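Here's the structure we're looking at; comments come further down.
Residues take their numbers from the sequence shown, with the count starting at 1. Note that the coordinates shown come from a computational prediction; the quantities given were computed from them, not determined experimentally. Counting starts at 1 for both ligands and their atoms, in listed order.
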Amino acid sequence: MKCKRCSAVAQVALPSHHTAFCPECFFLFFSRQVEKAIHKQSMFRFDERILVALSGGKDSLALALQLQMLGYTVSGLHIDLGIGDSSRQARELTEKFCRQFSIELHVLETTRYGLAIPRVKARVKRPICSVCGQIKRYYFNWFALENGYDVLATGHNQDDETARLMANVLSWDKDHLRDQHPVLTAENGFVRKVKPLYLLSEYETAAFCVLKKISYGFTPCPYSQGASFTFYKELLAQLEKKQPGRKRSFYGKFLKDGRKYFAQAQAENPLGRCQQCGMPTSLEYCPVCRLRQQLCSGDSKHHS
Ligand code: SF4
Ligand SMILES: [Zn+2]
Ligand SMILES: [Zn+2]
């Protein structure tokens, strides 16, 4: 197979784009998709400070490197969740990556706030992934605001976004449909959030990492069964097989035509500020302060 652009030997086939590329032309394609996303959605400018949420997975690492290669000012924040080997390996990979590509890295350990995930899981009845997601969102936002970053960038790709859309549509979740967009502007105590990989697939970010020799595989989180919309991704992959291009158009048309109907809807619970930490919440205390209170009272019951 030949590269569609330069006729050298192709190494990356992209059936959904009806094309194949050699490594050099694939990198060009990849960076153009990221630039297109940034400009089309007015995500950020060159004079702004960008914090990249670095999990140690392929998407976030590819995102940080690509933004740096485009000349943006990026720093990474890794949240160490305290989940045994999985967290240790994810942190090591992230640290190694940042050393290799000279990207500034901050590490925040949830253990320091009494929120190591295994401890939380042992005390809380709700599904751990939803609690863990709240903790991560809280600290990414908090850290970005505390340290004066203009924007928080995450590595969500098109497959993540399409699976999330499917889940939100199946439950007609108005609030989540309203908030599903590659850019969420800064408001009500939230930093601006952007997803510059929203035009690229999971396969494409993996190919980018493999060709750039970035190591990204670590022991999966032991609580990961059923996480990250895996089931919806499988359903969408089947649909894509029968109807190529369907996945992209489902998401693309939502952004172009569908979302505006939800964007007008007012949030059912208006946001105020947490009485303890000042972060946004619709209740008296934000989810993380409530969680910490719950864990503390559990501890005192334990010791009494
Ligand atoms: S799988 Fe669930 S518990 Fe584990 S890191 Fe991801 S969100 Fe957190
Ligand atoms: Zn080529
Ligand atoms: Zn709070």
Q: Answer yes or no for Lys136: is there a heavy-atom contact with ligand 1 below 4.0 Å?
A: yes
Q | Between SG on residue Cys286 and CD on residue Gln134, distance to nearest 0.5 Å | A | 9.0 Å
Q | From Arg259 atom CZ to Leu165 atom CG, the distance as rounded to the nearest 0.5 Å | A |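 So the gap between those two atoms works out to 11.5 Å.
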Those atoms of ligand 1 less than 4.0 Å from some heavy atom in [X]:
X      : answer
Cys132 : 3 (S), 5 (S), 7 (S), 8 (Fe)
Leu81  : 5 (S)
Cys221 : 1 (S), 3 (S), 4 (Fe), 5 (S)
Cys129 : 1 (S), 2 (Fe), 3 (S), 7 (S)

Q: With the Zn ion (ligand 3) at the centre, find the angle made by SG from Cys289 and SG from Cys286, to 10°.
A: 110°
Q: Among Phe29, Phe208, Phe30, Phe27, find the one that has a ring-ring contact (aromatic ring centres under 6.0 Å, His included) with Phe21.
A: Phe29
Q: Indicate, with yes or no, if the rings of Phe97 and Phe101 have centres closer together than 6.0 Å.
A: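 Judged by ring-centre distance (under 6.0 Å), Phe97 and Phe101 do meet the cut-off.
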**Q.** Test item: Gln294 and Val124 side chains (from C-beta on) under 4.5 Å apart, heavy atoms
**A.** yes
